Amino acid sequence: MSIATYIKNDLSVRLQTGQELPPQLTLDSLAEMYQVSFTPVRTAIAELIHEGLLEKGANRRLIATVPLGDNGALPKAQSLPLPPQDPYDVIAADLVQSSLGGRPVYLREELTAEKYNISRSAIRNIFHRLAGESILDHIPRRGWRLRPFRQEDLQAYVEVRESLELKALKLARRHLESDVLQKMLDANLFPKTDVDSPLIDESLHDYLIEMSGNAYIQEFFVRQGRYYRLLFQWEDHDRAAAIETVRQHREILVSLLNKNWATARKQLSHHILNNHPILNRLEEPVDQQAE
């Protein structure tokens, strides 16, 4: 569902059921309400005018023209439609995939905002968040630069990740709950047929980090982990890699349930250091490999 379709559907429900709207219906107020550029709002308004739910008034204001029911009242309230996926998540995932080209890419706020149909202020906020998560760099007088994927960066991150997650396991093991671990085990499932996809649950890693109670370990993964988490999710689109991830998760979780800490430690270390068969092959920029 596009953002314009969502705005149109959401406004339609609000107009017909008397739910909250800006005091003055204008292009500006609606763009601010939905935190988007004018383009999707214009599209939604045009469709609502065509359907007779809005009409243009004086001073660029819009007037609701919702017919009342037989009893002179508005229709009963309806549930508002769910918004489309957070543009931050969409943009972050797109940029991480773009980074696999292996070359720095400069981004312009205006063009990126137009591409994703959101306001320039919204894209600026997203870029600042992405910079805080080490996905973008802000270059004075040049704008925003996407950090390219580098094999040496991946190896450096994986080595630090292994050290910190093993420390997290040591700190957390007295606080781990068997029912939580069992749910994670049940959520990592092998495919039932040759065409089915495996089901991967990655929450084990966040659980260990949270239960460690170490704020410095947690801060590292908040600031540095998102880029690589998205990379690893992309890698798991490969069926063989995904099945291997499920197998390793299940082995670790069984050892944790059995309180076999030494085995769990070895399995977790192996999983972190050796479970990136696709990314480890990206020695050259992706676009060059395809040639």
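On a predicted model such as this, the values are computed, not experimentally measured, just so you know. The figures that follow rest on heavy atoms only: side chains count, while hydrogens, waters and symmetry mates do not.
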Indicate, with yes or no, if Tyr228 and Val222 share a hydrophobic cluster defined by side-chain heavy-atom contacts under 4.5 Å among Ile, Leu, Val, Met, Phe, Trp and Tyr. no
Has the side chain of Ser29 got a donor or acceptor atom that lies under 3.5 Å from a matching backbone atom of Gln24? yes
Full working for salt bridge (charged side-chain N to carboxylate O under 4.0 Å, His left out) between Arg226 and Asp89: CA-CA 11 Å; Arg226 183 174 179 84; Asp89 294 329; 2.9 Å; yes
Reported CZ-to-OG distance for the pair Phe149 and Ser99, which is rounded to 0.5 angstrom: 7.5 Å
Derivation and outcome, side-chain hydrogen bond (donor to acceptor under 3.5 Å, both in side chains), residues Thr39 and Asn117: CA-CA 7 Å; Thr39 302; Asn117 271 329; 4.7 Å; no
Treating Ile, Leu, Val, Met, Phe, Trp and Tyr as nodes and any side-chain heavy-atom pair under 4.5 angstrom as an edge, say whether Trp261 and Leu204 lie in one connected cluster. yes
With a 4.5 Å heavy-atom cut-off, do Glu202 and Asp236 have their side chains touching? yes
Hey, are Arg14 and Asp10 close enough for a salt bridge, meaning a charged N less than 4.0 Å from a carboxylate O? yes
Tyr227 side chain reached by Val96 side chain, heavy atoms, under 4.5 Å: yes
Does the Ser163 side chain pair with the main chain of Glu159, one donor and one acceptor, at a distance under 3.5 Å? no
Separation of Leu107 CG from Lys115 NZ (nearest 0.5 Å): 9.0 Å
Give a yes or no on whether a salt bridge exists between Lys8 and Glu51, defined as a side-chain N under 4.0 angstrom from a carboxylate O. yes
Please name the residue in the list His270, Arg247, Glu244, Glu235 that meets the side chain to side chain contact (heavy atoms under 4.5 Å, CB included) test with Asn275. Glu244
CG (Leu53) and CD1 (Ile45) are apart, to the nearest 0.5 Å, by 12.5 Å
Tell me, yes or no, whether the heavy-atom count around Glu20 atom CD, taken from other residues, nucleotides or ligands under 6.0 Å, exceeds 12. no
Would you say that more than 12 heavy atoms from the other residues, nucleotides or ligands in this model lie under 6.0 Å from the CD of Gln155, or not? yes
Determine, step by step, whether Leu54 and Leu25 satisfy the side-chain contact (heavy atoms from CB on, under 4.5 Å) criterion, reporting the C-alpha distance in whole Å, the side-chain angles of both residues, the deciding distance to 0.1 Å, and the verdict. CA-CA 10 Å; Leu54 287 175; Leu25 288 180; 4.1 Å; yes
Got a second to check how far Ile135's CD1 is from Ser98's OG, nearest 0.5 Å? 11.5 Å
4.5 Å side-chain heavy-atom contact, Tyr116 and Ile126: no
Report yes or no: is the cationic atom of Arg129 (NZ for Lys, CZ for Arg) closer than 6.0 Å to the six-membered ring centre of Tyr88, at no more than 45° off its axis? yes
Side chains of residues 164-171: which donor-acceptor partners sit under 3.5 Å, not counting sequence neighbours?
unit_1: Glu165; atom_1: OE1; unit_2: His205; atom_2: ND1; d: 2.9
unit_1: Glu165; atom_1: OE2; unit_2: Arg161; atom_2: NE; d: 2.7
unit_1: Glu165; atom_1: OE2; unit_2: Arg161; atom_2: NH2; d: 3.3
unit_1: Glu165; atom_1: OE2; unit_2: His205; atom_2: ND1; d: 3.4

Heavy atoms from other residues, nucleotides or ligands near CD of Glu32 exceed 12 (cutoff 6.0 Å): no
Decide side-chain contact (heavy atoms from CB on, under 4.5 Å) for Leu181 and Tyr207; before the verdict, give the C-alpha distance in whole Å, the side-chain angles of both, and the deciding distance to 0.1 Å. CA-CA 9 Å; Leu181 294 173; Tyr207 183 57; 4.0 Å; yes
Is Ser134 close to Arg147 at the side-chain level, that is, under 4.5 Å between some pair of heavy atoms? yes
Distance-only donor-acceptor pairs under 3.5 Å for side chains of residues 187-197, two or more places apart:
unit_1: Asn188; atom_1: OD1; unit_2: Asp201; atom_2: N; d: 3.0
unit_1: Asn188; atom_1: OD1; unit_2: His249; atom_2: ND1; d: 3.0
unit_1: Asn188; atom_1: ND2; unit_2: Met184; atom_2: O; d: 2.9
unit_1: Asn188; atom_1: ND2; unit_2: Asp201; atom_2: O; d: 3.3
unit_1: Thr193; atom_1: OG1; unit_2: Val195; atom_2: N; d: 3.3
unit_1: Thr193; atom_1: OG1; unit_2: Asp196; atom_2: N; d: 3.2
unit_1: Thr193; atom_1: OG1; unit_2: Asp196; atom_2: OD1; d: 3.4
unit_1: Thr193; atom_1: OG1; unit_2: Asp196; atom_2: OD2; d: 3.1
unit_1: Asp196; atom_1: OD2; unit_2: Thr193; atom_2: N; d: 3.4

Is there a donor-acceptor contact under 3.5 Å from the side chain of Ser212 to the main chain of Ala172? no
Could you state whether Leu208 and Val246 fall into the same hydrophobic cluster, counting links through intermediate Ile, Leu, Val, Met, Phe, Trp or Tyr residues with side-chain heavy atoms under 4.5 angstrom apart? no
Around atom CZ of Arg223, are there more than 12 heavy atoms from other residues, nucleotides or ligands closer than 6.0 Å? no
For the residue pair Ile123 and Ala113, what are the closest heavy atoms and their distance? CG2-CB, 3.9 Å
Asn214-Gln218 side chain donor-acceptor pair, cut-off 3.5 Å: no
When you compare the side chain of Val254 with that of Leu185, does any pair of heavy atoms fall below 4.5 Å? yes
If every non-hydrogen atom of Leu130 is compared with every non-hydrogen atom of Ala92, which pair is closest and at what distance? CD2-CB, 3.8 Å
side-chain contact (heavy atoms from CB on, under 4.5 Å) between Leu154 and Gln151: does it pass, once the steps are laid out? CA-CA 5 Å; Leu154 171 64; Gln151 193 65 237; 3.6 Å; yes
Which atom pair, heavy atoms only, marks the closest approach of Arg108 to Thr112? O-OG1, 2.8 Å
Donor on one side chain, acceptor on other, Thr65 and Glu55, under 3.5 Å: no
Side chain to side chain contact (heavy atoms under 4.5 Å, CB included) test vs Leu268 passes for just one of Ile252, Leu273, Thr263, namely Ile252
Taking all non-hydrogen atoms of both residues, which atom of Leu48 and which atom of Ser12 are closest, and how far apart? CD2-CB, 4.0 Å
Using 0.5 Å steps for rounding, measure from the OH atom of Tyr157 to the CZ atom of Phe220. 5.5 Å
Tyr106-Phe127 co-clustered via ILVMFWY side chain contacts under 4.5 Å: no
Got a second to check how far Arg124's CZ is from Trp144's CH2, nearest 0.5 Å? 8.5 Å
Are side-chain heavy atoms of Ser178 and Leu257 found at a separation under 4.5 Å? yes
Is there a chain of hydrophobic side chains (I, L, V, M, F, W, Y, each step under 4.5 Å between heavy atoms) that links Leu27 to Leu15? yes
Note, Val158 side chain near His276 side chain (heavy atom, < 4.5 Å): yes
Ignoring hydrogens, what is the shortest heavy-atom contact between Ile217 and Phe221? Give both atom names and the distance. O-CD1, 3.2 Å
Can you name the nearest heavy-atom pair linking Arg150 to Arg103, along with the distance? NH1-N, 4.4 Å
With the side chain counted from C-beta on, respond yes when Val36 and Val41 share a heavy-atom pair under 4.5 Å apart, and no when they do not. yes
Please lay out, stage by stage, how Leu253 and Arg250 fare under the test side-chain contact (heavy atoms from CB on, under 4.5 Å). CA-CA 5 Å; Leu253 287 160; Arg250 292 183 64 86; 5.7 Å; no
